[in-house]
Structure formats: C-alpha cells, structure tokens
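Throughout, protein chains are lettered first and strands after them, A, B, ... in sequence-line order, and every chain is numbered starting at 1.
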Protein chains: 2
Amino acid sequence: MPPVTIQEVARHAGVSAATVSNFFNWPDRLSTGMAERVRSAVDELGFVPNMPARQLRTSRSGMIGLSVINASNPFFAEMVVAVEHAATEKNLSVMVGSTHESPQQQRQYLRMFEQFRFDGIILTPFDDNLQQAHEIAARGTPVVLVDRTDDEGLLPSVGTDHEAGGYLAARHLIEQGCRRLWFVSGPRQVQQMVRRLRGYQKAVDEAGNVSLEVLEFPDLDVGFGREAGRQIADRDPQDRPDGVFGGNDLQAIGIVAELVDAGVDVPGEVAVIGYDDIVFAATTARPLTSIRQPSREIGAAAAEMLFERLLSPSTPAQQQLFQPELQVRASTRR
Amino acid sequence: MPPVTIQEVARHAGVSAATVSNFFNWPDRLSTGMAERVRSAVDELGFVPNMPARQLRTSRSGMIGLSVINASNPFFAEMVVAVEHAATEKNLSVMVGSTHESPQQQRQYLRMFEQFRFDGIILTPFDDNLQQAHEIAARGTPVVLVDRTDDEGLLPSVGTDHEAGGYLAARHLIEQGCRRLWFVSGPRQVQQMVRRLRGYQKAVDEAGNVSLEVLEFPDLDVGFGREAGRQIADRDPQDRPDGVFGGNDLQAIGIVAELVDAGVDVPGEVAVIGYDDIVFAATTARPLTSIRQPSREIGAAAAEMLFERLLSPSTPAQQQLFQPELQVRASTRR
DNA sequence: GTGTGCTTGTGAATCGTTTTGTCCGGAGGT
DNA sequence: ACCTCCGGACAAAACGATTCACAAGCACAC
C-alpha cells in the first residue's frame, strides 16, 4: 500500500485537495456536511499528514532544538523538562541533544537544528567558540544561550552567576575553618568551570592564609568524582585538603562516596561542597552541601526568551542572570 | 536577506542546480574544477541545505524517535546514550521524548514521529495499549518495543524479565529474615510495576509465612519515595514492614533517605531494595541493594533491532530478554 | 432579469530538493 | 574521415502539502 496523501483523501471524499487542507488548517471554512465527509475519508484511509511537505511550504517546523552538555545530569534533565513544558503550551516540540563535552557533537547538533529549519535553538555552550551560534542567528534562526553570556551581546542569554557561586563555596569552606582548599574540575574548556574557579580563587586570595590546588578531570561525572576521592584518601592525612569543591554535584557525590568508603571523616577531616543542588545531593552518605542553581526557572526563562524572539526577531538581546544560593548540609557542617 | 537555496548557489557558481545537488550527494560525479567552483559558492553564500525539502523528495529523514517514560531517570538516560551512540554510527539522529507516565504525551510523541516521517521508532510503553504502535507499524514505520513484549507478536522487543527481577528481590529479602514485606509501587498502569509485583508475590506465596502489602504512588520519583519512607517511619515499630521493595531506585533512594533521617535503622529494622541499579544507588546513606538491568545493552540491542528492520522490514519480530541481576549492598545486608 | 454580497469550494502555482533522461563534445578505434 | 562511447553537465519532472485568486451557488433586493 503506497503512503496515502492528501490527494487520495480528496478523491476518496469527492472533494479537492485544497478542501482537505482547509479541513485541517481552517476548519471554520468548511460547511458541516463537507467536514464530515472529509473526516470519514481521513479515518477510513488512515491519513497521516506529511510534515516535511507542510514544512517546505510553510517554512515553519513547530520544533525547537535544545543542546545541553549532559542530559543525564539531573540539573540539565530538570531544565529540559521545564523547556518542554513551556514549549508544549505554545504547541511546539523540543528536540534535545547531549553534547557530552564534545565540540564536534555540539557542532553536529546545531547544524542539524538549522538544516531541519527548527523555529529556534536553545544552546548550553561549553566552550568559548560562539562563532557557529552567531552565524546561525545571523542566517535567521533565533538562538538563546544558557549558562553563558555572549560577550558580543548579540545573543540573548540566561544563566546563573558562576563566579558568585564559586565565591560562595570558598567563603563557606573558609568559614568552616578549612585552610587547604581543592577545586576538582571538569575540562578546562568548559567555561562554567573557569568562572566558578575564578570566584573560588577570589575568596581564597581575600582570605590570605588559604592555599588552593586544582585537579582537572576529563568529565564531570560520578566516576571521576570517585577517582578524585581516591586520590585524596590515598594521601597522607597531613597532605590532604581539608575542603574540596567539586565541579558539580555528580563529582562531589563521587568524592563523598569514595571518602566515606575509605573511612575518611566527612566533614571532620575533609569538607565537601558541590554545585547544582540536584535531588541526589540530599540523599548521599553525608548529605551534600551545594550551590543551588534554579534549573527549572532557568529553563522556563530561556524558553520565554526564545518565544519572544520568535515573535519579534529584532528586539535587542536581553541577558538574565540568576543568583546562586548556598544550601548547607552535613558534608561541610562541622 | 532571503534564505539561500540550491538555485542561488548554482547561479552564483554558474552551474545548474543539479550539479550543486550532485556536489553534496554524488561528489565523484563532478570534475575537480567544477567541485571547487561549487564549494566556494557554497561557502561564500553560507548555504544550508533545506532538510524538509530533501526529505520530501527522498522520503528518508535520517531520524529515529525514542519515547521513554522519564529521561531524567538515570536508567533511561543511560539507555538513551546507548541508542544515540549506535545511531550516530549509522548516520542517524535521535529525538527523545519523555512521556512522564502520561498516555496523551505518549500518543503525542508517536504521532509526531510518524508525521515527521522518522525512519523508525523505539518505544518504551508504560500501559497496555499498543494499538497506536501497531497502526504505525502497519503504515510502514518500523517500531521496536523496549521493556515490554508485544503479546500479539507483531512488534520486536527487547527488555528484562521483570517478573524474575521481582522474584529475586523478594527471595533476597526473605533470605535476610524479612517476614513483613511491602511493595512501594508506581502507577498501576505501568506494566513494569505489575510484572515486578507478580514475581515478588510469587516468592512471597512460596515462602508461606510472609505477609505482603502494596502501596501505590502516582509517580516513580525520589519525592514519592520520601513520602513512602515517612509513612513507614510514622508507624509504630511493630506495624512497620521489615523489608521494602521500591518500584525503582528513585523511590527506594527516597525511602532510605527518609528512614535514615527519621532515625530508623536500615537495614536492621527495615531492609530496602530497589530496581535498576542506577549510579546513585551506590552513593546513598545506606548503599542500596538493587536489581540491576543492563541499561546500555538494552539500548544498544533495541537500536540494532531497529536497524535490521530498516533494512528488511518484513523479517519476523524477534524478542530479546535480558536477565536481571541482584546487586547486594548495605541496605539489606544484616 | 440583473446586480450585489456572502459563503464554500476549486485550480494552479509554489516551496527547495533529488533524479531521470538527454545532450554535448572529445577520445579512441578502425 | 566516420562511428561509437563515455564522462560530465543540464533541463525538467516529481515529492506532498498550502494558499491565492477566482468561480459557483445562493439569497435577497431593486
């Protein structure tokens, strides 16, 4: 059976193709009798509209692309849900892609979004290169940045102040009496890491009598967190840090798990703080102190920003910045 | 600036549209000089191919749709990664949708996948109604089921034996000396829950002197797990269960967290076991015993099955069943 | 009977690609 | 010198929908 088109439905109902099209798009242009005839023909043949064809004609896809760093990180997962929710209300669908800290993957997804003529794109970039995003926006597909501002001010953005977050983390550790601080980081290209470190460093510098060491890992997941934890536990107690800031909660959770397994006292010997405040932060062996980012609000705000640009593409680019909050739990409370 | 088409590139390069098309799809049909001219025209104009148009012509989308219950559940998140990985190797892109236990959402995504003429669909259904999936398959879009078999045998499927998993869970708890068992469940329509319960029940029946109570919650997340934990903690100690099986790890993690917070001894007073063995199962206050499903293998197998059907749509439907494994940790080890 | 206005339905052009068949010019064979 | 062959380029016909401008039908009034 060949795929059934609008033409066949028309023939079957004894009307023209235009009428069938109107049945779907301008129902009030049909008389009730006609509508009924079309409806039954559609049902009988099991007609399924061909979106690519419709899209070609109307040049609207009803889709928005969402590129995040890692969709299985609960922080991004929540953001995705918020975006989907907002999009559904506007009759839009969301396609999400996880770049897993790979520039090629990011390029790939962006190119795909543009080629499929998505109505708009929300991007969580992780490196410094916004060139592709600028090009796409210039060619007419609205782009909104998340978790990162555009220095050139061309693209709207929403995110949290990572530098402030890093500062909060260090201040808190120092106030708890920590003097030998570590920063366990993801890849250097990830801008967010750089900013958090900058704030962290600032508080360390201000304190004066505090040391800082940075450990870099290729990925921000629980596994590498454990790896970091093991490195800490393996050291002589006097060489260990007494305060550790994990690049995100995934890493911090891994660190805590490994330290506890190794019998290191958390927070007594080593205090640990994370970033994002994901739901699992509160359920670990030592409930994790974390810097909370409002993932849902960020997602919703990004979606709203994008919708505005869909309506009026030429409005100047806004920047929205949320402030992170310190959420204290047992992993740092001495 | 109007969007640039293949025609404009052709004009700019002084060739025909067909030649530009060949440049992309049959590069070896062009003489080297010609290829160079086209390439530079493409670059200069910033040409981006229009996929919907190409799709209309070729009727191949290069996309596969993946509908899961909850993409932020690490179990599904890992599965998604595996599918994406397999798809990328075949030059396909994946669009994932989270149905969040809503039949409407599931219908919506499936309809969308079909309307966009995706090359194939992988579906994790959560209720009994496979009618839509059957219809779609009959109209020519291959569908592979995950985590659920098709009783009519029309659709291929891959998943784990949930009944065996439930049985394992109960056997283990009973062996640890538990006699008052609970099953904390998600919604009843979720087939997986029913099967797990069936196996659980079976082991209880076999044991003879063991009681079973079932608690149902509207969603399978940490929040409702905490809710369940609170209900347990609020009871008189002699009315409490001494062994609890969480519908999945998310719920089980919530249960453990709440019990520990309330000062209930886990596993001494109440042993807790989960399902899925997600990465966070090992990092909780009492590392969680769980029934492991091989999420990556399942995703990869589903993708492979789909690819086979893309090549030869009429091969009989296979069914692949993985066996779950018991992973013992502190939450049940007395 | 003609003109006016309104509702409903239609024919045909169009969106941006791919693909088929054709055409052209030069190389090679006899 | 003639014929054949072939690589490389092109013109034009799809693909399946939407939409614009127009036509048919009808009611009503003059």
Could you state the atom-to-atom distance from [atom1] of [X] to [atom2] of [N] in whole Å?
X        : N      : atom1 : atom2 : answer
B/Phe24  : D/dA9  : CZ    : C1'   : 17 Å
B/Arg11  : D/dC10 : CZ    : P     : 14 Å
B/Ile6   : C/dC15 : CD1   : P     : 15 Å
A/Gln7   : C/dG11 : CD    : P     : 11 Å
A/Phe23  : D/dT19 : CZ    : C1'   : 18 Å
A/Gln115 : C/dT17 : CD    : C1'   : 13 Å
A/Asn22  : D/dT18 : CG    : P     : 9 Å

Exercise for the section: Among C/dT17, D/dA17, D/dG16, find the nucleotide with the atom closest to the side chain of A/Leu56. Expected result: D/dG16

Problem - Minimum-distance nucleotide (side-chain atoms of B/Thr19 versus D/dA9, C/dT19, D/dA17) - result: D/dA9

Problem - Other residues, nucleotides, ligands: >12 heavy atoms within 6.0 Å of A/Glu44 CD - result: yes

Problem - Whether over 12 other heavy atoms sit under 6.0 Å from B/His85 NE2 - result: no

Taking OP1 and OP2 of [N], is either one under 4.0 Å from a side-chain nitrogen or oxygen of [X]?
X       : N      : value
A/Arg29 : C/dT8  : no
B/Trp26 : D/dG8  : no
B/Ser16 : D/dC10 : yes
A/Ser59 : C/dC15 : no

How would you label the contact of [X] with the nucleic acid (heavy atoms, under 4.0 Å): base, sugar-phosphate, or nothing?
X       : result
A/Ser21 : base
B/Gln55 : nothing
B/Val15 : sugar-phosphate

Any side-chain heavy-atom pair from [X] and [Y] closer than 4.5 angstrom?
X        : Y        : value
B/Phe322 : B/Val158 : yes
A/Thr160 : A/Pro294 : yes
A/Val190 : A/Asp127 : no

Completion exercise
Under a 4.0 Å heavy-atom cutoff, the residues of residues 30-53 of chain B touching DNA chain D are B/Leu30, B/Ser31, B/Met34

Problem - A/Glu78 CD to A/Gln293 CD distance, which is reported to the nearest 0.5 Å - result: 11.0 Å

Practice task
Kindly compute the distance separating OH (B/Tyr109) from CD1 (B/Ile121), expressed to the nearest 0.5 Å.
Solution key: 13.5 Å

Handout entry: Nearest heavy-atom neighbours spanning A/Ala17 and A/Gln7
Key = CB-OE1, 3.7 Å

Practice task
Report yes if a donor N or O on one partner sits less than 3.5 Å from an acceptor N or O on the other, where the partners are the side chain of B/Arg57 and the base of C/dT17; otherwise report no.
Solution key: no

Problem - Comparing B/Thr58 and A/Ala18 on DNA chain D - which has the more 5′ nearest nucleotide - result: B/Thr58

